[in-house]
There are 2 protein chains.
Amino acid sequence: MKTRSDKPVYLQVEENLRSDILSGKYKKGDYIPAEAQLCKEYDVTRATVRNALTRLINDGLITSVKGKGYYVTLNKIKYSVWNFSGFTDMVLAKGRTPKSKVLVHEVVQIEDEEYLCIKRARCIAEEENGALTIDTSFLPLKIFNGIENYDFENESLYRVIKEDYEIVPYEVEFSLKPIVGNQDTDEYFVSEGNMFLYLEGVVYDKDRNELEIVKVIYSELIDFKIVSSVI
Amino acid sequence: MKTRSDKPVYLQVEENLRSDILSGKYKKGDYIPAEAQLCKEYDVTRATVRNALTRLINDGLITSVKGKGYYVTLNKIKYSVWNFSGFTDMVLAKGRTPKSKVLVHEVVQIEDEEYLCIKRARCIAEEENGALTIDTSFLPLKIFNGIENYDFENESLYRVIKEDYEIVPYEVEFSLKPIVGNQDTDEYFVSEGNMFLYLEGVVYDKDRNELEIVKVIYSELIDFKIVSSVI
DNA sequence: AAGTGGTCTAGACCACGAT
DNA sequence: TCGTGGTCTAGACCACTTT
């Protein structure tokens, strides 16, 4: 096929399959099209297709069975505290008012790319429990040109992204781990312990462009809950 | 070369390089022989050598740099759990063998209900890294009558549920938080820190009957990942 | 017998790093 | 310029599963 894109073909195959799996076109347990079929579809050789498939295997999205094919192993998430429309919607849904305190707002350079870095302590206006999360976002200026001029003390980041830039987040990849508290948590969380849940990840658009790098520290006031299908 | 062994050549190349790295023949930071060199050495094509090298990259032993070569990193192998797929699936997807040590196997009573409680330290047969997770499951005997008579040291709990009881899990609801280590983690994890990711949840069938209560402690060798579409 | 993934050959052109 | 890994082609034979 060879589109205009300069991206390697195997990445395009991988991304298409990844989207099809995440979107639910292929559900857990389903067999995806066979190698030969994918070769025809994309007009490439087996080596190229297998490169894509191997990457999906290593990411745990599919598993191969000799003589049968590749079936989907990824569970689909139905609900998560990370509700993807952001903290603002989550709080509004509870009938409360979200409030943010901007701790950092600056343009930084990471590997020859300029990003707006925003760190915010986020809480509920009606409650005096301290912050619920401390979020740090890195937004590439080449995509969000001029975003450094917004005041995110009074603006929802996701509203700006969706409405002003008309960019739609499509897919997220996160990793979770426990961390010890730091200066920020000491200052903004009302916490008994000194151990927190830490989330780090990337938000992508439909073409798997990186839209945002996120880092979130959750206070113990948040129940980090996820509902997932296992079929 | 093609020795008597029926093992694929790429596995032999991989194992030789792995030994050379682990034995210290190639130290951290060293460049290992180039692809072309390895091709000559083993008398195989690049595709075969690259298969071996890719596996070593995925295991964290080496890193590739375009135009330079492959150098030794000796990072600890991390295993990824994606969206809470089971332990068995995760290990099998990596081409390894799951192994369990049963720590507790007893019938307990919770609120007038009898449950089989199984606690297992779970690891990978091929590795000597200690356990990766410590799982505790509570299975209601009114649904899984007689399940207390299985030996889960050698049986997959998931297989028994699906095949012998013909019960299909449909949905899982869980929450995550950080915990400090305990006697079990001290004994079964090979860990530097004393903080772990803890998952607690319930597995339901299609009619929302409780099938299983799960509690899992993840060692720091586990990378807990979440992938999801946003829409 | 037909279809599937697993392994492997023998090339090719490219972008990048060292020289 | 030359060596390196990154991508890709166009085949081959095998073992396994399904029909």
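Source: prediction; values computed, not measured. Throughout, protein chains are lettered first and strands after them, A, B, ... in sequence-line order, and every chain is numbered starting at 1. Atom set for the values below is all heavy atoms of this structure, side chains included, hydrogens, waters and symmetry mates excluded.
Put simply, CD on B:Glu35 is 11 Å from P on D:dT7, counting in whole angstrom units. Rounded to an integer number of Å, the gap from B:Tyr42 OH to C:dC8 C1' is 17 Å. A:Ile32 has its CD1 atom 12 Å from the C1' atom of C:dG5, to the nearest Å. Atom-to-atom, NZ of A:Lys7 to P of D:dC8 comes out at 13 Å; the value is rounded to the nearest Å. Counting to the nearest Å, the P atom of C:dG6 and the CZ atom of B:Arg55 are 11 Å from each other. Remark: P of C:dG6 and CG of B:Leu11 are 13 Å apart, rounded to the nearest angstrom. Going from atom CD of B:Gln37 over to atom P of D:dT4 covers 8 Å, rounded to whole Å. In this entry the distance linking CG of B:Leu38 with C1' of D:dT4 reads 12 Å, nearest Å.
Heavy atoms of A:Thr45 sit under 4.0 angstrom from at least one base atom.
Side-chain contact check for B:Ser100 and B:Glu153: no donor-acceptor pair (N or O, by modelled atom type) lies under 3.5 Å. One side chain, B:Tyr198 or B:Glu200, offers a donor N or O that lies under 3.5 Å from an acceptor on the other.
Listed by chain and number, the residues in a side-chain hydrogen bond (donor to acceptor under 3.5 Å, both in side chains) with B:Tyr204 amount to none (sequence neighbours excluded). Not counting sequence neighbours, A:Lys68 has no partner by the salt bridge (charged side-chain N to carboxylate O under 4.0 Å, His left out) test.
Not one N or O on the side chain of B:Tyr26 forms a donor-acceptor pair closer than 3.5 Å with the backbone of B:Leu17.
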Pull out every protein N or O sitting under 3.5 Å from an N or O of nucleotides 1-3 of chain C, one pair per line with the distance.
| residue | atom | partner | partner atom | Å |
| --- | --- | --- | --- | --- |
| C:dG3 | N2 | A:Gly67 | O | 3.3 |

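A salt bridge is defined here as a Lys NZ or Arg NE, NH1 or NH2 lying under 4.0 Å from an Asp or Glu carboxylate O, and B:Asp30 with B:Lys25 fails to meet this definition.
Neither OP1 nor OP2 of C:dT9 sits under 4.0 Å from any side-chain N or O of B:Tyr10. Regarding contacts with the backbone of D:dG6, a side-chain N or O of B:Arg50 is found under 4.0 angstrom from either OP1 or OP2. Dashed line: the shortest gap from a side-chain N or O of B:Thr48 to OP1 or OP2 of C:dT7 is not under 4.0 Å. Between A:Ser64 and the phosphate of C:dT4, there is no side-chain N or O to OP1/OP2 separation shorter than 4.0 Å. In terms of phosphate contacts, B:Tyr71 brings no side-chain nitrogen or oxygen within less than 4.0 Å of OP1 or OP2 of D:dT4.
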Derivation and outcome, salt bridge (Lys or Arg N to Asp or Glu O under 4.0 Å), residues A:Arg18 and A:Asp59: CA-CA 10 Å; A:Arg18 189 183 285 268; A:Asp59 271 4; 2.6 Å; yes

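The side chain of B:Arg46 approaches C:dC13 more closely than any other nucleotide in the set C:dC13, D:dC13, C:dT9.
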